[in-house]
There are 2 protein chains.
Amino acid sequence: MGTSFGAPSARCRECQSCPLVSDCFPGSLEAGNLHELDGLIEHTAPVHTGSFLFRQGDPFQYISVIRLGTVKTYSIDREGREQTLGFHMPGDILGLSAIDEERHPCNAIALDTVTTCRLPFRVAASLSARMPQLQAKLFRLLSRDIARATQLSCNNSADERLAAFLIGMADRMAARGYSASRWQLTMSRMDIASYLRLAPETLSRLLRRFQAEGLVALDGREVEVRGRERLQAMAAAEADLDQVRREAA
Amino acid sequence: MGTSFGAPSARCRECQSCPLVSDCFPGSLEAGNLHELDGLIEHTAPVHTGSFLFRQGDPFQYISVIRLGTVKTYSIDREGREQTLGFHMPGDILGLSAIDEERHPCNAIALDTVTTCRLPFRVAASLSARMPQLQAKLFRLLSRDIARATQLSCNNSADERLAAFLIGMADRMAARGYSASRWQLTMSRMDIASYLRLAPETLSRLLRRFQAEGLVALDGREVEVRGRERLQAMAAAEADLDQVRREAA
DNA sequence: CGGAAAGTTGAGTGGGATCAAGCCGCGTGG
DNA sequence: CCACGCGGCTTGATCCCACTCAACTTTCCG
C-alpha cells in the first residue's frame, strides 16, 4: 500500500506530457492516478489540413487537447457567411462550448496537421469529482473561455482588433517557446479577416498600413513584430484589467 | 436513519424556491442535502437601482443567482467607453466569468431592485464533488455562457442584432411566465445600444423604422412585439443550429 | 418649477464594405 | 517548358451603413 516507485509505462509517459494531465497535476501525479488516466486518455491519429475535428451539430463526446498543429473554429449562418470564432494551438482545449447542448455549436477544422489527445467528457466529469485539481482546472478553463469570448465581442475599431490579434498571437507563440517577434501564420488572410469581423480587402489594407507605420513586417504568412510597444498600446484599449484595478483604487 | 418527513424550516423552503437548488434537484432534493444547502446559501438584502453587485477587478467569491430584478454587466476600457455585456434576469447566474482570474472581469449593476442568493464558489466546487447533478449543472451553465458570448461576437448587421435582442427578450420573458409579446424594458436605450454595439442615435432610428414596419410598437420602455415571425426570421440569421443540422443531413 | 439626463431628429462625415480588376504563387496537364 | 486555371491576396473606385456633431424634446427627480 505504500508509494510505488515503479517506472511508468510508455503510454503513461505520453500522458504525463499531455497538457490535460501535466497542467492538472504539476509535478505531483501519483502513480495510481497516472495509470488510471493512462487507460482513459486517447491519443488520436493526425488530422490533416482541411479535415474536421468536429462539425456544427455533431453530438458532443470528448474534450480534446491539441498536442500539435493549429485548429480554426468557426460557425456558418444560414446565409452561408462564415464567422471565425478562434484559432487554437497546442495546449488549448477544444469542445467546451458543446457541454450544455451536448452538440458542437461550431466547426473545428485543421489548418495544418493536427494531433490531439482526448477524454470522454463524462469520464472527465466523473474523474473530477474525485480529483479536485482536475475539477478546478475544468472550471477555470470554462471560465476563461467565457471571458475570452466576451472580449472578442467588444466593439473596438479595426485597428485595435488587429493590434490585439497580433499581440495575442505573439504572446501565445512566446508561451509555447517560440519567438514572440517573428513567426509563421498558419491561417489565411480570409480567416483572420473573418475572425476580426473585417472584409478581406480591409484587412489587407490595414496590414499594409501597419507595415508602412513600422508596426510589423510581412512576407506572405511570415510576421515580424517591430512595434510591440505601440501595438500593445493600441490593443490594450480592449481591457487592461490591471489598469482598471489601479484606477479604481 | 430512515427518510425523515419533518417539515422543512422556513429557510429551507426559501432555498427550495431558489433556482440554484431547484434547478439542480428537480423534485428530488433529499432532506439531508436540503438542510446542508440551507446553511450555505445566503440570501442577500436588496440591491437598489444603480448599486453594484460587484465591480471590475473585485476579488471573486460568490456565484449568485438573481431572484428578483435585472442586472446589467458591462466593462469599461481605458478610454472610458462602456461596453454592455449582458442583461440578466431572475434565475440567471452571475460571476462565472470570474472563476479563472479570481477577479471579476466586469461590473454588475442593478437596473432595478435586485435580490440574489449566493454561494461561495469554493463551497459550490466542493459540494459539486459530492453532488453529480450540481457539478453537471455548473458545467452546463459555464458552457452555455461560452456559447452565448460567442454568439454575441458575431458580425451581423444592426437589424439582425436588434431583432435577435427583441426575440431574445421575448423568449426570456416568456420563460419567466410573462407575456412574450408585451413587456417593460428595465434598461435604457443607451444600455441597449451599447449591448448591440450601436450608437444611441442609430438605435433610436432603428427602433423607429422597426415601428414603421410594424415589427414592434413602442411607448417609452414598453415594448409590444407585433411581427414575431418576421423578427425571428431576421434574427435567425445568427445561428439556427437546428437548420444547420437539417442542411448537413 | 428648473436642471439634468435620456431620448429623438437632422445634417454631414467617414470607416469599412462592396464591386471589379489585377497580381501572384502554385499545381496540372499538354 | 509554357499555358492554363484556380485560389489567395492585393489594389483601386465607389457606395452605404452607422457614427459624429448639434439641436431639440421629453422624461425624470429634486
Side-chain angles (χ1 to χ4, degrees), chain A residues 48-50 70 72 74 77 79-84 87 109 111-112 154-165 184-213 216-223 234 237, chain B residues 48-51 70 72 74 77 79-84 109 111-113 153-165 184-213 216-223 234 237:
Chain A
H48 295 289
T49 311
T70 317
K72 174 183 77 167
Y74 69 96
D77 67 27
E79 273 153 49
R81 292 172 302 193
E82 181 177 319
Q83 169 71 47
T84 301
F87 303 108
I109 194 169
L111 294 181
D112 47 20
C154 285
N155 187 28
N156 305 303
S157 72
D159 283 26
E160 285 165 357
R161 294 205 298 271
L162 177 55
F165 169 74
Q184 200 79 17
L185 293 170
T186 48
M187 65 293 285
S188 72
R189 295 283 194 272
M190 278 186 55
D191 290 338
I192 301 172
S194 164
Y195 178 69
L196 298 175
R197 306 199 300 262
L198 296 172
E201 297 95 326
T202 306
L203 175 63
S204 178
R205 283 182 253 267
L206 269 187
L207 287 174
R208 193 154 211 281
R209 213 187 68 225
F210 273 35
Q211 195 157 12
E213 291 170 356
V216 287
L218 298 167
D219 178 19
R221 292 193 172 183
E222 174 125 0
V223 179
M234 293 169 71
Chain B
H48 295 288
T49 311
S51 298
T70 316
K72 173 182 77 166
Y74 69 97
D77 67 27
E79 274 151 51
R81 292 173 302 193
E82 181 177 318
Q83 170 70 46
T84 301
I109 194 169
L111 294 182
D112 46 20
T113 300
S153 78
C154 285
N155 188 27
N156 305 302
S157 71
D159 283 28
E160 285 165 359
R161 295 204 298 271
L162 177 55
F165 169 73
Q184 200 79 17
L185 292 171
T186 47
M187 66 292 286
S188 71
R189 296 283 194 271
M190 279 186 54
D191 290 339
I192 301 173
S194 164
Y195 178 69
L196 298 175
R197 306 199 300 260
L198 295 173
E201 297 95 326
T202 306
L203 175 63
S204 179
R205 283 182 253 267
L206 268 186
L207 286 173
R208 194 156 205 280
R209 214 187 66 226
F210 272 36
Q211 194 156 13
E213 290 170 357
V216 287
L218 297 167
D219 178 20
R221 292 194 172 184
E222 175 124 0
V223 179
M234 294 169 70

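So that the names make sense, note that chain A is the first sequence line, chain B the second, and so on, each numbered from 1. Keep in mind the model is a prediction, meaning the values are calculated, not measured. The analysis underlying the following values was restricted to heavy atoms, covering all of them including side chains, and did not include hydrogens, waters or symmetry mates.
- Between A:Met187 and A:Leu111 the shortest heavy-atom distance is CB-CD1, 3.6 Å.
- Contact between A:Glu160 and A:Met234 at its shortest, heavy atoms only, is CG-O, 3.5 Å.
- Counting to the nearest Å, the P atom of C:dG16 and the CG atom of A:Leu196 are 11 Å from each other.
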**OP:** Apply side chain to side chain contact (heavy atoms under 4.5 Å, CB included) to B:Glu82 and B:Tyr74, showing your working.
**Re:** CA-CA 7 Å; B:Glu82 181 177 318; B:Tyr74 69 97; 3.4 Å; yes
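- C:dC24 atom P lies 14 Å from atom CG of A:Asp219, rounded to whole Å.
- One axis for each end of the helix from C:dC1-D:dG30 to C:dG30-D:dC1, each built from five base pairs, and the angle between them comes to 30° at 10° resolution.
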**OP:** For nucleotides 5-11 of chain C, just jot down a letter per nucleotide in 5' to 3' order: B, S or -, based on protein non-hydrogen atoms under 4.0 Å.
**Re:** --SSBBB
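- For the side chain to side chain donor-acceptor pair (under 3.5 Å) test, residues two or more places apart in sequence or in another chain that qualify with B:Glu222 are B:Arg182.
- For the atom pair CG (B:Leu198) and CZ (B:Phe165), the distance works out to 11.0 Å, reported to the nearest 0.5 Å.
- Using a 4.0 Å heavy-atom distance criterion, A:Ala199 is classed as a base contact.
- Counting heavy atoms from C-beta outward, B:Thr49 and B:Ile109 have side chains that stay 4.5 Å or more apart.
- For residues 200-213 of chain A, the side chain to side chain donor-acceptor pair (under 3.5 Å) pairs, not counting sequence neighbours, are A:Asp159-A:Arg209, A:Arg209-A:Glu213.
- Contact footprint of chain A on DNA chain D: nucleotides with an atom under 4.0 Å from a non-hydrogen protein atom, first to last in 5' to 3' order, D:dC9 to D:dA13.
- At least one donor-acceptor pair closer than 3.5 Å links the side chain of B:Arg161 to the backbone N or O of B:Asn156.
- Evaluation of the side chain to side chain donor-acceptor pair (under 3.5 Å) test over residues 189-199 of chain A, restricted to residues two or more places apart or in two chains, returns A:Lys72-A:Asp191, A:Thr84-A:Ser194, A:Ser188-A:Asp191.
- Across A:Leu206 and A:Ala158, no two heavy atoms sit closer than the pair CD1-CB, 3.6 Å.
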